[in-house]
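On a predicted model such as this, the values are computed, not experimentally measured, just so you know. Residue numbers count from 1 along this sequence. First listed ligand is number 1; within each ligand, the first listed atom is number 1.
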Amino acid sequence: MQIRMVGTGSAFAKKYDNNNALIETDGYRLLVDCGITLPKALHQMGHTFEDIDAVLISHIHGDHVGGLEEFAFQMMFKYNRKPVLFIADTLIEPLWEQTLRGGLTQDPLNKLEHFFDVRPIAEGVETELHPGLKVKLLQTKHIPNKRSYSFLFNGCFFYSADMKFDRELLLRLADEGVKAIYHDCQLEAPGAVHATLDELLTLPENVQKITWLMHYGDAMEQYAGRTGHLRIVEPRKRYDI
Ligand SMILES: Nc1ccn([C@@H]2O[C@@H]3COP(=O)(O)O[C@H]3[C@H]2O)c(=O)n1
Ligand SMILES: [Zn+2]
Ligand SMILES: [Zn+2]
């Protein structure tokens with residue numbers, strides 16, 4: 001499995017695009033989240049929406065779903081293919097009713113399934129997305145009373161949705177043999193709805209060594225050399241997991 005971040009920025013970052021990823025395995029290309037900046041950033045990487053086999057959504061914030069309207073329209077009117085959308089069963093209704101319905105509705109098209117091949121995923125159940133690529137959704141804390149799901153790929157790669165610091169979860173994942181943790185990180189405290197760098201730096205060395213920071217602000221370069229054993233994910237670079 002390989003990962004390339006289309007962007008690594010926070011919701012407000014201007015130097016880095018929205019924190020969205022491409023996970024590739026045996027020629028299969030999964031887009032993880034599709035934010036506001038995704039259409040342009042994907043184009044700058046030399047890809048079109050046609051190159052995407054499926055999209056997986058973590059939660060409903062613009063930097064994670066704001067590019068889905070263009071994705072849906074391009075696939076319908078430019079590429080004549082209904083894209084596969086993997087999404088927690090609990091997010092299907094809010095994604096349509098609270099985010100996409102306004103822009104996409106036109107007679108007779110009035111539901112999410114008219115635009116996407118929707119594949120609901122139940123929390124906590126390891127689900128095959130493609131031969132060789134499985135995901136387990138873990139509900140993680142982000143905004144009170146708003147569901148947000150982090151991803152455990154193939155039992156060995158944890159990719160955080162936006163989430164608050166959860167020491168027990170990270171220690172447990174490391175104990176269970178997870179090889180890599182990609183974690184959203186707010187460089188400056190207070191984190192409020194994200195883990196802060198200071199919180200992640202309290203992790204034991206063995207956990208820090210497998211943990212990579214993403215979803216950071218424009219000040220990221222000032223933190224070079226100040227992240228302990230935590231490494232910073234670079235945008236658009238291909239990493240083997
Ligand atoms: N209660 C909240 C809600 C949101 N926010 C900020 O808005 C951003 C929305 O995208 P995000 O990536 O979840 O990061 C959120 C916070 O920066 C915040 O700081 N506090
Ligand atoms: Zn975000
Ligand atoms: Zn968020």
Side-chain polar contacts of residues 93-104 - donor-acceptor pairs under 3.5 angstrom, sequence neighbours left out - could you list them?
{"unit_1": "Glu97", "atom_1": "OE1", "unit_2": "Arg101", "atom_2": "NH1", "d": "2.7"}

Give the intermediate values and the outcome of salt bridge (Lys or Arg N to Asp or Glu O under 4.0 Å) for residues Arg119 and Asp117.
-> CA-CA 6 Å; Arg119 311 276 181 93; Asp117 176 357; 2.9 Å; yes

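Residues passing the side chain to side chain contact (heavy atoms under 4.5 Å, CB included) test with Asp51, sequence neighbours excluded: Arg29, His47, Thr48.
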Under 3.5 Å, N/O to N/O: give me all the pairs between ligand 1 and the protein, one per line with atom names and distance.
{"unit_1": "ligand 1", "atom_1": "12 (O)", "unit_2": "Asp63", "atom_2": "OD2", "d": "3.0"}
{"unit_1": "ligand 1", "atom_1": "12 (O)", "unit_2": "Asp162", "atom_2": "OD2", "d": "3.0"}
{"unit_1": "ligand 1", "atom_1": "12 (O)", "unit_2": "His215", "atom_2": "NE2", "d": "3.1"}
{"unit_1": "ligand 1", "atom_1": "13 (O)", "unit_2": "His61", "atom_2": "ND1", "d": "2.9"}
{"unit_1": "ligand 1", "atom_1": "13 (O)", "unit_2": "His142", "atom_2": "NE2", "d": "2.9"}
{"unit_1": "ligand 1", "atom_1": "13 (O)", "unit_2": "Asp162", "atom_2": "OD2", "d": "3.0"}
{"unit_1": "ligand 1", "atom_1": "14 (O)", "unit_2": "His194", "atom_2": "NE2", "d": "2.9"}

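For the pair Arg81 and Tyr79, the cation-pi criterion (under 6.0 Å, within 45° of the ring axis) is not fulfilled.
Here the protein contributes His59 NE2, His61 ND1, His142 NE2, Asp162 OD2 as N, O or S atoms under 2.8 Å from the Zn ion (ligand 3).
Side-chain contact between Phe71 and Leu85 is absent, with no heavy atoms from C-beta onward closer than 4.5 Å.
For the residue pair Ser58/Asp33, the side-chain donor-acceptor check at 3.5 Å is satisfied. With hydrogens and angles left out, the side-chain atoms of His215 and Asp162 include a donor and acceptor closer than 3.5 Å. Using modelled atom types, one finds no donor on one side chain facing an acceptor on the other under 3.5 Å when comparing His64 with Asn18. Side chains of Gln44 and Arg236: a donor-acceptor N/O pair is present below 3.5 angstrom, by distance only.
Nearest N, O or S atom of His215 to the Zn ion (ligand 2): atom NE2.
Partner of Thr8 under the side-chain hydrogen bond (donor to acceptor under 3.5 Å, both in side chains) criterion, out of Tyr182, Tyr16, Tyr216: Tyr216 alone.
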